[in-house]
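Small disclaimer: the values here were computed from a predicted structure and weren't measured.
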Amino acid sequence: MRDTLRDILDAATRGKFPPADGGVTVVPQHDRRDAGVIAFTAHSVVFTDEDPEWVRTLLRSLDCDALAATMNPRFLAAFMDRTGRTTDTIDLLTVATPVPGPPRPPSLALSELRDPDHPRVARARKRRDEVRVWAADGGVLVLGRGVAGRLEVAVEVDESVRHRGLGRALASAARHLSAGEPVWAQLAAGNARSVRAFQAAGFRPVGAEALLVGQ
């Protein structure tokens, strides 16, 4: 029995990745909401309910480095055209292990937002399930279940309080709030501030991801 997308992601949290053989693995979507591509080192995983042979035929037709084919704009555009989906960007995909105990530093005061209609909660629920949101002075931390049910974190920091370590503190707090499971974060590769903050909080890069969502 071949691995599911969740199997592949769970293995990646343990440092076990698909073989760096230049291959492409096509697996079904975990649910109807999410399709896309995850590129690990020299091996890509395409998660879609489309015909795997369509995926492979299209990849073979591209005039580009085979290792980069699944993230090639022509492939992603054809993928979106065929499925009627959209994507925002290609993200750096990172993951961190959980940390026991309350969030630190102690000066980081978090209050959970319980209002399901709060704008930040409503926005997060479009991309994730089981969403929980905490507010801090000048920032917001979001945890929810995204691709293949993995636990994902996103943070927002107000412009007025940037460069004070709040982004790193919020990302670190997510590791304490994860109830003992790994936490994933998708980071726009060009957002160097965010990448630095999450790396400083212990998130390690595992690949790149293009997430395709329905209209």
Side-chain angles (χ1 to χ4, degrees), residues 5-6 8-17 34 38-41 88-116 118-211:
L5 178 59
R6 185 58 189 259
I8 293 169
L9 292 172
D10 286 346
T13 67
R14 303 189 299 271
K16 297 181 62 177
F17 300 98
D34 300 325
I38 300 175
F40 297 102
T41 299
D88 292 327
T89 187
I90 296 175
D91 288 313
L92 174 67
L93 186 61
T94 68
V95 69
T97 55
V99 178
R104 293 179 174 82
S107 58
L108 181 64
L110 295 173
S111 59
E112 188 167 3
L113 302 178
R114 301 287 186 176
D115 180 6
H118 189 284
R120 286 190 173 97
V121 178
R123 185 172 60 192
R125 289 171 65 185
K126 293 180 180 179
R127 297 289 180 90
R128 298 181 176 96
D129 302 316
E130 301 178 27
V131 171
R132 298 179 69 186
V133 180
W134 289 263
D137 185 13
V140 173
L141 186 161
V142 179
L143 281 175
R145 299 208 174 273
V147 175
R150 71 189 181 198
L151 187 64
E152 298 177 352
V153 60
V155 305
E156 297 178 19
V157 176
D158 295 344
E159 190 65 36
S160 61
V161 294
R162 291 187 183 277
H163 309 294
R164 302 179 188 177
L166 180 57
R168 177 177 59 190
L170 290 170
S172 179
R175 302 178 63 190
H176 293 267
L177 294 168
S178 69
E181 66 178 291
V183 189
W184 294 81
Q186 301 134 296
L187 309 171
N191 190 347
R193 274 193 309 206
S194 183
V195 171
R196 289 195 298 267
F198 273 81
Q199 287 187 320
F203 285 75
R204 66 183 189 278
V206 296
E209 180 174 274
L211 179 61

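Salt-bridge annotation for Arg150 and Asp34: absent, with no side-chain N of the basic residue lying under 4.0 Å from a carboxylate O of the acidic one. In this structure, Arg114 pairs ionically with Glu112, as a charged nitrogen and a carboxylate oxygen lie closer than 4.0 Å.
Side-chain contact between Leu170 and Val140 is absent, with no heavy-atom pair separated by less than 4.5 Å. Taking the side chain as every heavy atom from C-beta outward, Val95 and Leu93 never approach each other to under 4.5 Å. Between Leu187 and Phe198, the closest side-chain pair of non-hydrogen atoms falls below 4.5 Å. Here the side chains of Leu9 and Ile38 are in contact, with some heavy-atom distance below 4.5 Å. Looking only at side-chain heavy atoms (C-beta outward), Val153 and Leu177 stay at 4.5 Å or farther from each other.
Each of Arg204, Arg175, Glu181, Arg14 was scored for a side-chain hydrogen bond (donor to acceptor under 3.5 Å, both in side chains) with Thr97, with one residue passing: Arg175.
Counted within 6.0 Å of CZ on Arg128, heavy atoms from surrounding residues, nucleotides or ligands total more than 12; the atom is thus considered enclosed. Within 6.0 Å of atom CG in Asp137, 12 or fewer heavy atoms from other residues, nucleotides or ligands are found, so the atom counts as exposed in its surroundings.
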Going through the checks in order, is the side-chain contact (heavy atoms from CB on, under 4.5 Å) test met by Arg145 and Leu151? CA-CA 5 Å; Arg145 299 208 174 273; Leu151 187 64; 4.0 Å; yes
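Interatomic distance, CZ of Arg193 versus CZ of Arg196, reported as 8.0 Å (0.5 Å rounding). Taking CG from Leu92 and OG1 from Thr94, the interatomic distance works out to 6.0 Å, rounded to the nearest 0.5 Å. Here the NZ-CG distance, from Lys16 to Asp10, works out to 11.5 Å after rounding to the nearest 0.5 Å. One distance of note links CG of Asp158 with CZ of Arg164; it measures 10.5 Å at 0.5 Å rounding. To the nearest 0.5 angstrom, Leu141 atom CG is 10.5 Å from Arg132 atom CZ.
Contact between Leu110 and Ala136 at its shortest, heavy atoms only, is CD2-CB, 3.8 Å. The nearest pair of heavy atoms linking Ala188 to Val195 is O-CG2, 4.0 Å. Closest of all the heavy-atom pairs between Ala210 and Ile90 is CB-CG1, 4.3 Å. For the residue pair Leu211 and Val147, the shortest heavy atom distance occurs at CD1-CG2, 3.7 Å. Across every non-hydrogen atom of Ser178 and Pro98, the tightest pair is OG-CB, 3.4 Å. Smallest separation of non-hydrogen atoms from Ala174 and Val183: O-CG2, 3.8 Å.
Checked by atom type and distance alone, the side chain of Arg162 pairs as donor or acceptor with a backbone atom of Val157 at under 3.5 Å.
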